[in-house]
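Here the structure is laid out as structure tokens; the discussion comes afterwards.
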Amino acid sequence: MQQRSEGNHALREGVLAWYSLHQRGLPWRATQDPYAILVSEVMLQQTQVSRVIPKYDEFLGRFPDLSSLAAAPTGEVIRAWSPLGYNRRAVRLQGAARQVMAEHGGKLPRGVEALRRLRGVGPYTASAVACFAFGQQVAVVDTNVRRVLGRALLGETRPPPQQVDRLAAEALPLGRAADWNQALMDIGATVCAVRQPRCQQCPVQPSCWWAANGQSQAALVVDARALAERRAAYRTQPPFKGSSRYYRGRIVERLRRREGNRGVPLAELGMAIKEGFAPQDTPWLETLLQGLEQDGLVRRDGERVRLP
DNA sequence: AAGCCGGGGGT
DNA sequence: ACCCCAGGCTT
């Protein structure tokens with residue numbers, strides 16, 4: 001059994017009370033279906049809630065369960081994923097569905113360790129599904145939670161992840177894990193923002209180290225330096241448009257507009273995604289396609305390129 | 001440890 | 001126009 005800390009009692013009560021009043025009404029909190037919850041958690045990897053909401057019901061309508069997702073052509077899954085981005089997630093999500101069909105009799109495993117072995121499921125997603133779908137009493141730690149607990153218990157906005165994992169496990173109110181984890185994420189998203197935190201409205205504030213120290217002079221200096229470093233890095237970066245990442249997106253986008261399922265000839269694809277595409281650009285395009293093929297996002301078929 | 005992977009949206 | 005966002009996998 002994990003260690004408990006009496007000092008966290010007030011913190012727990014305050015957070016849970018706040019959550020009962022201020023929780024966000026999110027579609028994936030209104031379902032008990034483990035598959036639907038898995039879909040939401042994968043969509044929420046690197047993607048804001050506001051962008052997932054309009055896509056969520058549509059995707060579930062198209063792929064209502066694990067077996068329909070597993071059985072679909074991968075290209076259809078990639079189409080249904082637009083415009084969420086990070087398209088590899090769509091391929092991996094289907095891979096996970098196929099794993100579950102093949103290895104788990106079509107039922108998602110309930111434990112963190114088994115979930116963790118599914119394609120595209122890392123520490124965050126595994127604990128999120130275990131907790132929200134199966135009621136496992138485990139901590140769910142994303143960057144929001146890391147920031148909230150880091151500030152409250154350590155006085156640091158960007159604390160060492162391992163240290164936070166330990167604190168999160170200690171702070172977990174057994175029996176209320178799901179509400180607690182969702183509450184911390186809501187607080188991180190709506191109150192304990194990276195900049196301009198609204199400490200006056202924060203249920204953690206009474207026991208928050210960071211707020212108590214006037215949001216710590218040292219922390220502000222560190223944050224300011226980090227901000228300056230990010231700005232410098234941004235300036236020296238080439239613009240997104242024209243990056244290989246940009247053109248990868250254009251290729252997938254072009255292939256999504258089907259043509260039956262016949263795909264697009266290589267040269268035509270080049271012209272479709274890049275103005276002034278010339279024969280000498282072919283090796284560049286080939287390189288992009290090889291990467292996309294490796295990720296399972298594209299299939300080469302002689303001269304033609306299509307979704308898998 | 002570091003780099004890759006897309007988009008939309010706030011300011 | 002600039003800047004932010006933040007999990008999983010590969011190398």
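Letters go in sequence order (proteins before strands), and every chain restarts at 1. Computed over heavy atoms, backbone and side chain alike; hydrogens, waters and symmetry mates excluded.
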Rounded to whole angstroms, how far apart are [atom1] on [X] and [atom2] on [N]?
| X | N | atom1 | atom2 | value |
| --- | --- | --- | --- | --- |
| A:Arg147 | C:dC4 | CZ | C1' | 12 Å |
| A:Arg250 | B:dG6 | CZ | C1' | 9 Å |
| A:Leu44 | C:dG8 | CG | C1' | 15 Å |
| A:Tyr247 | B:dG6 | OH | P | 15 Å |
| A:Asp295 | B:dG6 | CG | C1' | 13 Å |
| A:Met43 | B:dG7 | CE | P | 14 Å |
| A:Lys55 | B:dG6 | NZ | C1' | 14 Å |
| A:Gln46 | B:dG3 | CD | C1' | 13 Å |

Check the phosphate of B:dG6 against A:Thr47, side-chain N and O only, distance under 4.0 Å to OP1 or OP2. Yes or no? no
Would you say A:Arg89 places a side-chain N or O within less than 4.0 Å of OP1 or OP2 belonging to B:dG7? no
Does a side-chain N-to-carboxylate-O contact under 4.0 Å join A:Arg166 and A:Glu170?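 Yes, this pair counts.
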So, A:Asp179 and A:Arg29, do they make that salt bridge, N to O below 4.0 Å? no
Taking N and O atoms by type only, does the side chain of A:Tyr124 place a donor or acceptor under 3.5 Å from a partner on the base of C:dG7?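 When only heavy-atom distances are counted, A:Tyr124 does not reach the base of C:dG7 through any donor-acceptor pair under 3.5 Å.
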Decide whether [X] and [Y] meet the rule of one side-chain donor and one side-chain acceptor closer than 3.5 Å.
| X | Y | result |
| --- | --- | --- |
| A:Gln94 | A:Thr74 | yes |
| A:Arg89 | A:Thr47 | yes |
| A:Thr31 | A:Asp33 | no |

Drop me the distance from A:Arg300's CZ to A:Arg306's CZ, to the nearest 0.5 angstrom.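 So the gap between those two atoms works out to 12.0 Å.
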Quick one: CD on A:Gln32 to CD1 on A:Ile37, what's the gap to the nearest 0.5 Å?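 Nearest 0.5 Å value for the CD-CD1 distance: 6.5 Å.
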Nearest to side-chain heavy atoms of A:Asn144, which nucleotide of C:dC5, C:dG7, C:dA6: C:dA6
Give me the distance, rounded to whole Å, that separates C:dT11 from B:dG6 when you measure between the P atoms they each carry.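 Those two atoms are separated by 16 Å.
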For nucleotides C:dA6 and B:dT11, find the distance between their P atoms and express it as a whole number of Å. 14 Å
Is B:dG6 paired to anything, Watson-Crick or G-U wobble with both distances less than 3.5 Å, and if yes, which nucleotide?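 By the stated definition (distances under 3.5 Å), nothing pairs with B:dG6.
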Measure from NZ or CZ of A:Lys55 to the centre of the six-membered ring of A:Trp81, then state whether that distance is under 6.0 Å and the direction lies within 45° of the axis.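 That pair does not qualify as a cation-pi contact.
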Hey, does the Lys NZ or Arg CZ of A:Arg245 hover above the aromatic six-ring of A:Tyr247, less than 6.0 Å from the centre and inside 45° of the axis?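 Cation-pi check for A:Arg245 and A:Tyr247: fails.
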Near A:Glu303 CD, under 6.0 Å, is it more than 12 heavy atoms from other residues, nucleotides or ligands?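 Check fails, neighbour count at 12 or below.
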Write down the protein N/O and nucleotide N/O pairs, taken from nucleotides 8-11 of chain B, whose separation is under 3.5 Å; answer none if there are no such pairs.
residue : atom : partner : partner atom : Å
B:dG8   : O4'  : A:Arg51 : NE           : 3.2

Any base atoms under 4.0 Å from A:Arg256, or only sugar-phosphate, or nothing? Heavy atoms, all strands.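 The answer is sugar-phosphate, as A:Arg256 gets under 4.0 Å only of primed atoms, P, OP1 or OP2.
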N/O to N/O distances under 3.5 Å, protein versus nucleotides 9-11 of chain C:
residue : atom : partner  : partner atom : Å
C:dC9   : OP1  : A:Gly120 : N            : 2.7

